[in-house]
**Q** 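Next up is a structure, given as structure tokens.
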Amino acid sequence: MTASATTAWIARDAAAVWHPFTQHATWVEDRPTVVERAEGPWLIDVDGRRYLDGVSSLWTTTLGHCHPEVNAAVTAQLAKLDHSTFLGTTHTPGIELAEALIASAPEGDGPELTKVFYAGDGSSAVEAALKIAYQHSHQTGRPRPKFVRLEHAYHGDTLGAVAVGGHELFHATYRPLLLETIGVPSPGDRALGEHRTEIAVDELRAAMRSQGDEVCAIIVEPLMQGAAGMLDHDAAFLRAARELADEHGALLIFDEVATGFGRTGRMWAAEHAGVVPDLLTCGKGITAGYLPLSAVLAAEHVYEAFLARPGDTAPRTFFHGHTYTGNPLCCAAALAGLRVMAEQDVVGRAARLGERLAELLEPLAAHKQVAEIRRLGTMVGVEVRPNSDRTGFEVCQAARERGVWLRPLGDTVILMPPLTLGEAETGLLVTALAEAVDEVCS
Ligand SMILES: Cc1ncc(COP(=O)(O)O)c(C=O)c1O
């Protein structure tokens, strides 16, 4: 890869930019892709090379890039209202989106989700949910300062979200700064063996029995711990978490930032288990992957604990929010995305795409250098056996040479394509990965 436009832009980038989750000592020699345009599932670089976006631009793009209907909705909104604060005023796209999210909310064992609190990114939705849970305990009995979290969890990078994480590489450094939490083994942790669900449930039960009256919430990425490298777990764990939260008066938070909006082949991962949390965080695909927006869907009983009139003993207000909360352009993109999803049965298509990926990946699962392939819907982790410090990364570089852009999590190569990916592109995605694994790992 020697084209001059890429080289020039990388030099300018390296001189001025500090990228997230990036080791800059090797950035230039790794020759990052300099993206100029995108269409459908394709990213196009400054030299005109096309790459299939195999991870939906970090798990966000649901319908493909620059979708005509979403583009039109954002453009139309831009002509009407760019931004007005959600503190003290409201606006129609924000109201309509809240209604649409509530209408889409999961149903089953648990409360109805009836209110939407907007935030900006996945992390800020998690941050809001944690503060709501703690303040809720304050206002319904007595303050419960602890959270139960899962090992290997990832809920974002702000300090509250890091506190409830369990990804050692990302989080260990910050432990001295963090909230009090109780870590429970992950029900997806293969090191626990085939009884991992029971082990995790037993540990959760023991934690709640000993410290449950200090716990305001249990937080879980339902069914798939994404950033852990796609560690899937059994729905039985979510049912047990619901029961134990209820038994001990704690809230249950499902973080559906990665799993929401059709990713798992259902609108919400919670639907696979028939369990509804008290708070559900979502982000990423909410705007079809266009603009930063996230939300906390809350149960009515939680919302009601925050109501008070002037003169009441406590204000009970949730004193939390961001300047761009509920930005109308973001809401317009989200509304258009949800409309297209409903009209084109995108959730059903995602379920079928997941099945097709499973079929195509079957031969790779037998590859001697592949340790395991884990999948739920269109969320796939292909764990390769390392032969260097950066085997996963090298596989992704080799896939890029074949026209597919991927990003690994350690030795696990992630596939998370747009939910509407066509048959030919699905074939290319898997073929490029298989060839890359052959080239790098054999
Ligand atoms: C489950 C989960 N929660 C929260 C986040 C954080 O979202 P953001 O990066 O938008 O802050 C992520 C990001 O990958 C995630 O996977």
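Indexing begins at 1, ligand by ligand and atom by atom, following the structure's order.
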**Q** Nearest protein heavy-atom contact for atom 2 (C) of ligand 1: which residue, which atom, what distance?
**A**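 Among all protein heavy atoms, the one nearest atom 2 (C) of ligand 1 is D255 OD2, 3.4 Å.
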**Q** So that I can tick it off, tell me whether R385 and E383 are bridged by a salt bridge, with the cut-off set at under 4.0 angstrom between side-chain N and carboxylate O.
**A**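 R385 and E383: not salt-bridged.
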**Q** Is R50 close enough and on-axis enough to W42, meaning under 6.0 Å and within 45°, for cation-pi?
**A**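 Flagged: R50 positioned over aromatic ring of W42.
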**Q** Which one holds for K284 and ligand 1: side chain close, backbone close, both close, or neither close, with close meaning a heavy atom under 4.0 Å?
**A**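 Looking at K284 and ligand 1, just side chain atoms fall under 4.0 Å.
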**Q** Under the side-chain contact (heavy atoms from CB on, under 4.5 Å) criterion, do S186 and H152 qualify, and how do the steps go?
**A** CA-CA 7 Å; S186 160; H152 306 297; 3.8 Å; yes
**Q** Is it the case that the side chains of E401 and Q397 hold a donor-acceptor pair, with the cut-off being a distance below 3.5 Å and no angle test?
**A**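 No.
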**Q** Taking both backbone and side-chain atoms of S124, is any N or O found less than 3.5 Å from an N or O belonging to ligand 1?
**A**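 No.
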**Q** Which ligand 1 atoms does G122 reach within 4.0 Å, using its non-hydrogen atoms?
**A**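 Taking each heavy atom of G122 in turn, ligand 1 has 6 (C), 7 (O), 8 (P), 10 (O), 11 (O) under 4.0 Å.
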**Q** Below 4.0 angstrom from a heavy atom of H155, which ligand 1 atoms are there? Numbered from 1 as shown, please.
**A**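 Every atom of ligand 1 under 4.0 Å from some heavy atom of H155: 3 (N), 4 (C), 5 (C).
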**Q** Only heavy atoms count here, so choose which of V257, T281, L409 is nearest to atom 5 (C) of ligand 1.
**A**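 Result: the heavy atom closest to atom 5 (C) of ligand 1 is in V257.
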**Q** Can you list the atoms of ligand 1 that are under 4.0 Å from a heavy atom of A258?
**A**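 Listed by number with element, the hits are 16 (O).
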**Q** Checking side-chain polar atoms at under 3.5 Å, does R49 have a donor or acceptor matched by the opposite partner on T6?
**A**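 Result is yes, a qualifying pair exists.
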**Q** Answer yes or no: does an N/O atom from W59 fall short of 3.5 Å to an N/O atom of ligand 1?
**A**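 W59 vs ligand 1: no N/O contact under 3.5 Å.
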**Q** Walk me through it: do T420 and R349 pass the test side-chain hydrogen bond (donor to acceptor under 3.5 Å, both in side chains)?
**A** CA-CA 7 Å; T420 51; R349 286 170 73 176; 4.9 Å; no
